[in-house]
Amino acid sequence: MTEGERLSCFFSVLEFIYEKRGEYHKMLRCFCQVSERNKVVFRFIRSILYQLDYVTEQQKSLLINEINHNITTLIQIDPTKAAHLLLVG
């Protein structure tokens, strides 16, 4: 197993733990760290902020703060989707 594969597995485990704890803002950090997960980061953000009824306002607020903290990375992943997120969100 390569170093990249081990790192990807590590972040996958973290994502699982964070999801179970409802720590969605920490999941975003994982998505931004692993290039294979970059493809789903915007879908993840939309689902947490707009589609899932069980997410609390505090969890959404923490996620929005994390989005702001990682905006440069999000722009590098997809400038159009990042701009849309900023305009709508």
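Note that the structure is predicted; figures quoted are calculated from it, not measured. For the single chain, residues carry numbers from 1 onward in sequence order.
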Engineer: Below 4.5 Å, heavy atoms only, C-beta onward: do Leu49 and Ile64 meet side chain to side chain?
Structural biologist: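 They are in side-chain contact.
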Engineer: Nearest 0.5 angstrom please: Ile67 CD1 to Thr73 OG1, how far?
Structural biologist: 12.5 Å
Engineer: Nearest 0.5 Å please: distance from the CD1 atom of Ile45 over to the CG atom of Leu74.
Structural biologist: 5.0 Å
Engineer: Between the side chain of Ser61 and the main-chain N/O of Glu57, is any donor-acceptor distance below 3.5 Å?
Structural biologist: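 Answer holds: no.
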Engineer: So which heavy atom on Thr80 is nearest to which on Asp78, and how close?
Structural biologist: N-OD1, 3.1 Å
Engineer: Ignoring hydrogens, what is the shortest heavy-atom contact between Phe11 and Cys30? Give both atom names and the distance.
Structural biologist: CD2-SG, 3.6 Å
Engineer: Can you check whether Gln59 reaches Leu62 side chain to side chain, under 4.5 Å on heavy atoms?
Structural biologist: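 They are not in contact (no side-chain heavy atoms under 4.5 Å apart), so the answer is no.
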Engineer: Calculate, to the nearest 0.5 Å, the distance between atoms CG and SG belonging to Leu14 and Cys9 respectively.
Structural biologist: 11.5 Å
Engineer: Please table the atom pairs, donor to acceptor, closer than 3.5 Å between any side-chain atom in residues 19-28 and protein atoms at least two apart or in another chain.
Structural biologist:
none

Engineer: Sequence neighbours left out, what passes side chain to side chain contact (heavy atoms under 4.5 Å, CB included) with Asn38? Give chain and number order.
Structural biologist: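 Testing Asn38 for side chain to side chain contact (heavy atoms under 4.5 Å, CB included), a comparison that skips the adjacent residues, returns Ser35, Ile77.
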Engineer: Excluding sequence neighbours, so at least two apart, what forms side chain to side chain donor-acceptor pair (under 3.5 Å) with Glu66?
Structural biologist: Arg29, Asn70
Engineer: Quickly, which of Phe31, Phe44, Phe10 forms a side chain to side chain contact (heavy atoms under 4.5 Å, CB included) with Glu15? Name it, please.
Structural biologist: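 That would be Phe31; it is the only one of Phe31, Phe44, Phe10 passing the side chain to side chain contact (heavy atoms under 4.5 Å, CB included) with Glu15.
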Engineer: Measuring from Gln33:CD to Ser8:OG, what's the distance to the nearest 0.5 Å?
Structural biologist: 12.0 Å
Engineer: Report, as yes or no, whether the 6.0 Å neighbourhood of atom CD on Gln51 holds more than 12 heavy atoms from other residues, nucleotides or ligands.
Structural biologist: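 Check passes, neighbour count above 12.
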Engineer: How far apart are the closest heavy atoms of Lys60 and Val55, and which atoms are they?
Structural biologist: CG-CG1, 3.7 Å
